[in-house]
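In what follows, a structure is listed as C-alpha cells, so that the remarks can point back to it.
The sequence lines fix the lettering, A, B, ..., with proteins before strands; numbering per chain opens at 1. All figures in this text were calculated on a predicted structure; none of them were measured in a lab.
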Protein chains: 4
Amino acid sequence: MLAGAEELLEARGLGAVSVDAIALRAGVSKATIYRWWGSKEEIALEAFYLTLGGPAAIAADSGSLAGDMQAAILARVRLLSDRPSVARTMAGLVAQAQEDPEFAAAYRRRVVEPLREQARAAFGRAVERGEIRPGTNVEAAIDLLFGGIYHRVWQSQGRLDEQFARALVEIVMNGITVRPPSSAA
Amino acid sequence: MLAGAEELLEARGLGAVSVDAIALRAGVSKATIYRWWGSKEEIALEAFYLTLGGPAAIAADSGSLAGDMQAAILARVRLLSDRPSVARTMAGLVAQAQEDPEFAAAYRRRVVEPLREQARAAFGRAVERGEIRPGTNVEAAIDLLFGGIYHRVWQSQGRLDEQFARALVEIVMNGITVRPPSSAA
Amino acid sequence: MLAGAEELLEARGLGAVSVDAIALRAGVSKATIYRWWGSKEEIALEAFYLTLGGPAAIAADSGSLAGDMQAAILARVRLLSDRPSVARTMAGLVAQAQEDPEFAAAYRRRVVEPLREQARAAFGRAVERGEIRPGTNVEAAIDLLFGGIYHRVWQSQGRLDEQFARALVEIVMNGITVRPPSSAA
Amino acid sequence: MLAGAEELLEARGLGAVSVDAIALRAGVSKATIYRWWGSKEEIALEAFYLTLGGPAAIAADSGSLAGDMQAAILARVRLLSDRPSVARTMAGLVAQAQEDPEFAAAYRRRVVEPLREQARAAFGRAVERGEIRPGTNVEAAIDLLFGGIYHRVWQSQGRLDEQFARALVEIVMNGITVRPPSSAA
DNA sequence: CAGTAACCGAGACGGTACGTCCTGTCTTACC
DNA sequence: GGTAAGACAGGACGTACCGTCTCGGTTACTG
C-alpha cells in the first residue's frame, strides 16, 4: 500500500501523483485512503519514513565528534545522491509543511527530530570530552550541517559527494579562518 | 499585475493560489498570462524577484569577511523573519525546481546565483586579505551559511533571529572545536 | 425499525434517504437491513404499507356506486393531502417500479391491488344493482378515478380537496356532456 | 449532446444513468454539463421535451369535443406504448418534481402545461358549442383523462392500447351510469 | 450448566458517482 | 491586432452511499 505509493512517488514525483493514482495502483478505494490519511503529502511522509528505515537506528559512537558528524552527514548525502527521488519528494514535503502547521509537526517528528536527536547526542558526548568550545550554539551547528546538504541539493544544485560532505564537517569543526597567533605564547 | 500576484501569494500561499485567481485579481485574461508565463510558479518567481528588489545591489565591502558575511546573512534572516510569506513561497518554488529543470535554472539565476555571487566576491576579498585558510572549500561554506538559514526556517522551524545569524557566522568563521594548542608554541 | 425509516422518509424524502441513514437511525447494522430487504425502496414500500394500515379494510357498502366511490376517493385524497410526504414517497416508489419488475410486482400487490379490489367489489355490486351501463370498461373507470388523483398531485400540482374528489366521481358517474334528449321520449 | 443523453436514458433509464456517463457519451466535460444544467433530471427533462417535439403543435379542431379528446389521448397513449422508455423516464421526472419545487415548475411548464393548454382550448370550443353541461369542472376532467393513462402505465401496469384510450374518453364524455329516465317526458 | 451455534452491532472495504475546482487551449467580440 | 471574457475537455479533488465482508460479543439452544 505504502509501497505502491513509494514507487509512484519515485517514478513521478509528489506534484504529479494524485490520490486517485495511488488508490488505483494499490488496488484500494479512495475512501480508504482518506480514512487513514488526510492528503497525499501525509502518505508521502509515511512512505518516506519507511524509506528512512523507520525509527532511526541509534548511531554508533565513533569516539570523536568529527567522526560522528562525518558518519551522519555522509549517510544523508548518500541517501540523497543515490536516490534523487528522495530529495525531490522531501522538497514537496517541506513546501507542504510551510502551508499546514499540523503537517509541519508530523514532518518534524518523523523526519527532522530523529536526526537532530542523534546529532544532539553526539554533541553531548563531545561536550563531555571537552572537544567543543564552551558557549557554542549547538542547534545552530546542526542547522548548518544539514542545511548545507539541502541547500546544495535543492538550491545550488551542485555536486553532492563525499568530498562535499567532508568539507562541510571540516568547516564546522575548524572554521575557515586562519588561526590567530596562539594567544601570547 | 505582478503586484497583484504578490499580494495573493502573501495572503494565501503558492499552493492555494490559482492562475484563475491571479487573472481575476489583475483584471487580466488567463490567455494573456499564459502568453508570458508558463505556470503560476514562474509568476511567483518573478514576483519574488521583485520582492528581492530586482538585480541584487552590490554589497558594500565592510573590510572583513566576518563583517561581509554578517551583513549578508542578517539581511536574508531579516527578510525571512519579517515576511513569513516569503519563506513559504520560496519553499514552493524550491519544490517546483525539483520537478522542472528549466524552472530550476530560472530559479538559480534569479534567486540563488545573485547571492552566491555576492558571497563569492566577499570570499575573494578575504582570500586576498589572507583571512582564509588555503584549501578552504568556499562553495561549501556558502552552502553552509545559507543552508543553515533555510534549514532553520523550513525544517527545524526554530527561532530565526539576529542571535542565530551571528551564531552561524561565528561557527563558519572559527569552527566549534577547542583550538588545539598552537603547534609551534 | 420500519417506524424509524418512516420518520426519515417523512422528513427527507426517498431520494435523500440512504440505507446508512436508516441503519443509523434504527440502531441496526447495514448487514441486517440487507438480510431482509433488497433496497431502500423495499423498506419504503413496507413502511408505506404500514402507513396504509396494513391489509386494506373492507370498505363498507354504502348502497350506491356513487357513495362507494366517493368514500374510496375521498379517503385517498385525504391521505395524500394530509400527509404530503406520502405522495412524495409514492412517486419515488412508482419511479422505482418502472426500473425493477420484481419491485413493480411487490408494489402492485401492496399498494395498487388492494384498492382496485375494493373498487372492483363496489363495481360488482353496482352491476348487480343495474346502476352501470352494460359494456362499461370497469378497469378503465378505476384507472380514471385514481389516476385523476395522482395526476392532480404529481403533475398538475393543483389543489387536492373534497370538492375535487366530488368532481372526479361526478364526471365518471354522469359524464360531462349534455344528455342527449332521451331517444324514446 | 441532448441526443446522446436521450439515447442513454432510453437504454438504461434515469436511475441508472450518471452525469459522468452522459459527459463521456457526449464527449463533453462534466463542468460543461453543470454549467448548463443543475442535475441529470434537468437534462432528462430537456431531452424529453425534444422527444415531445418541442413546443407543442396546435391541435386541430376535429369539430367535436369527443374527437379532440380522442386525438389527444390517443397521441399520448401511442407515445407511451411505442416508446416504453418515455414512460420510465417520465416517472423519474415526476418523482424528482416531488423533491424539488423549482424542478417541478420546470416540469409543469415543459410537460404538463402544453397538454393542458391544448385540452383547455378544446374544452373552450366545446362550451361554445354547448356540448358540455354547465358547471362541469374542466380541470378535473383533464386530470381524469391524462391521469387515467399514467395510472394505467405506472401503477396498474395493464394494457395500454387504442381500446383503452377510447374507453377513457367514452367514460368521461358519457359517464358510466345508466341514464336516468328522461326527466319527465 | 457448559458448549456451541446463530445472530447481530459495528464498521472497514472496493467501488461508483457526486458536484467543485483548476489547468491550459480555444474562440468570440470589443477597442 | 491585441485583449477581456469566458467556454471548453480533461482530470483531480474530497465526500457520500452502495452492497459485501469480516470481526467480536452477545443470546439462546443443545448435549
Side-chain angles (χ1 to χ4, degrees), chain A residues 1 4 8 12 14-43 100, chain B residues 1 4 8 12 14-43 96 100, chain C residues 1 4 8 12 14-43 96, chain D residues 1 4 8 12 14-43:
Chain A
M1 156 85 230
L8 273 183
R12 295 205 264 160
L14 223 194
V17 159
S18 65
V19 173
D20 281 287
I22 293 172
L24 190 66
R25 165 63 152 269
V28 134
S29 104
K30 264 201 300 176
T32 300
I33 290 185
Y34 283 109
R35 209 190 310 283
W36 296 32
W37 290 281
S39 66
K40 64 180 177 181
E41 282 82 9
E42 287 186 20
I43 303 171
D100 173 354
Chain B
M1 159 84 227
L8 273 181
R12 296 206 269 156
L14 223 194
V17 160
S18 68
V19 174
D20 282 278
I22 294 172
L24 189 65
R25 166 63 154 266
V28 135
S29 127
K30 266 201 302 175
T32 304
I33 288 185
Y34 283 110
R35 209 187 309 284
W36 293 352
W37 291 282
S39 67
K40 66 180 177 182
E41 282 83 8
E42 287 186 21
I43 303 172
Q96 175 67 9
D100 173 354
Chain C
M1 159 83 226
L8 274 182
R12 296 205 267 154
L14 224 194
V17 160
S18 66
V19 173
D20 282 276
I22 294 172
L24 189 66
R25 166 63 154 268
V28 134
S29 125
K30 267 201 299 175
T32 303
I33 289 186
Y34 282 110
R35 209 187 311 283
W36 293 353
W37 291 281
S39 67
K40 65 180 176 181
E41 282 82 9
E42 288 186 19
I43 303 172
Q96 176 65 9
Chain D
M1 157 86 229
L8 273 182
R12 294 204 268 159
L14 223 194
V17 159
S18 67
V19 174
D20 281 285
I22 294 172
L24 189 65
R25 165 64 153 269
V28 134
S29 105
K30 265 202 299 177
T32 300
I33 289 184
Y34 283 109
R35 209 192 308 284
W36 297 48
W37 290 282
S39 66
K40 65 180 175 180
E41 282 83 8
E42 288 186 19
I43 303 171

Task: Interatomic distance, B/Glu41 CD vs E/dG24 P [rounded to whole Å] - done: 9 Å
TODO: Ignoring backbone atoms, test whether D/Trp36 places a side-chain nitrogen or oxygen under 4.0 Å from the OP1 or OP2 oxygen of F/dA7.
DONE: no
Open item on the list: Need one value for B/Trp37: base, sugar-phosphate or nothing, where a base atom within 4.0 Å counts as base even if backbone is also close, heavy atoms only.
Closed with: nothing
Task: Nearest-angstrom distance from the residue atom OH of D/Tyr34 to C1' of F/dG11 - done: 15 Å
TODO: May I ask you to evaluate whether C/Arg35 reaches the phosphate of E/dC8, defined as a side-chain N or O under 4.0 Å from OP1 or OP2?
DONE: yes
Task: Spacing of A/Asp100 atom CG relative to F/dG14 atom P, expressed in whole Å - done: 12 Å
Open item on the list: What's the closest nucleotide to the side chain of A/Ser18 if the choices are E/dC22, F/dC13, E/dC18?
Closed with: F/dC13
Open item on the list: Any donor-acceptor pair, under 3.5 Å, between the side chain of C/Lys30 and the base of E/dG9, if you only look at N and O atoms?
Closed with: no
Open item on the list: Regarding D/Ala21, tell me which of base, sugar-phosphate or nothing describes its non-hydrogen contacts under 4.0 Å with the strands shown.
Closed with: nothing
TODO: Find the distance B/Asp20:CG to F/dA12:P and express it as a whole number of Å.
DONE: 18 Å
- [ ] Send over the distance from C/Ile22 CD1 to F/dA16 C1', rounded to a whole Å.
- [x] 15 Å
Task: Spacing of D/Ile43 atom CD1 relative to E/dC18 atom C1', expressed in whole Å - done: 13 Å
- [ ] Kindly say if A/Ser29 contacts the phosphate of E/dT16, meaning a side-chain N or O under 4.0 Å from OP1 or OP2.
- [x] no
Task: Shortest non-hydrogen contact between A/Leu8 and A/Val17, atoms and distance - done: O-CG2, 3.7 Å
Task: D/Leu14 CG - E/dC18 P separation (whole Å) - done: 11 Å
Task: Minimum-distance pair of heavy atoms, taken over all atoms of B/Ser29 and B/Ala23 - done: C-CB, 4.3 Å
Open item on the list: Let's go through D/Val19 and D/Trp37 carefully: what are the C-alpha distance in whole Å and the side-chain angles of both, what is the deciding distance for side chain to side chain contact (heavy atoms under 4.5 Å, CB included) to 0.1 Å, and is it a yes or a no?
Closed with: CA-CA 10 Å; D/Val19 174; D/Trp37 290 282; over 6 Å; no
Task: Which residue lies more 5' along DNA chain F, comparing C/Ala16 with A/Val17 via nearest heavy atoms - done: A/Val17
Open item on the list: It should be established whether B/Thr32 places a side-chain nitrogen or oxygen under 4.0 Å from OP1 or OP2 of nucleotide F/dT3.
Closed with: no
Task: First encountered from the 5' end of DNA chain E, between B/Val19 and B/Ala31 - done: B/Val19
TODO: Let me know, please, whether B/Val28 or D/Gly27 comes out on the 5' side of the other along DNA chain F by nearest nucleotide.
DONE: B/Val28
- [ ] Please check if atom CZ in B/Arg12 has more than 12 non-hydrogen atoms from other residues, nucleotides or ligands closer than 6.0 Å.
- [x] no
Open item on the list: Using whole Å, what does the distance between atom P of nucleotide E/dT20 and atom CD1 of D/Ile33 come to?
Closed with: 13 Å
Task: Within-4.5 Å side-chain heavy-atom neighbours: B/Lys40 and B/Ile33 - done: no
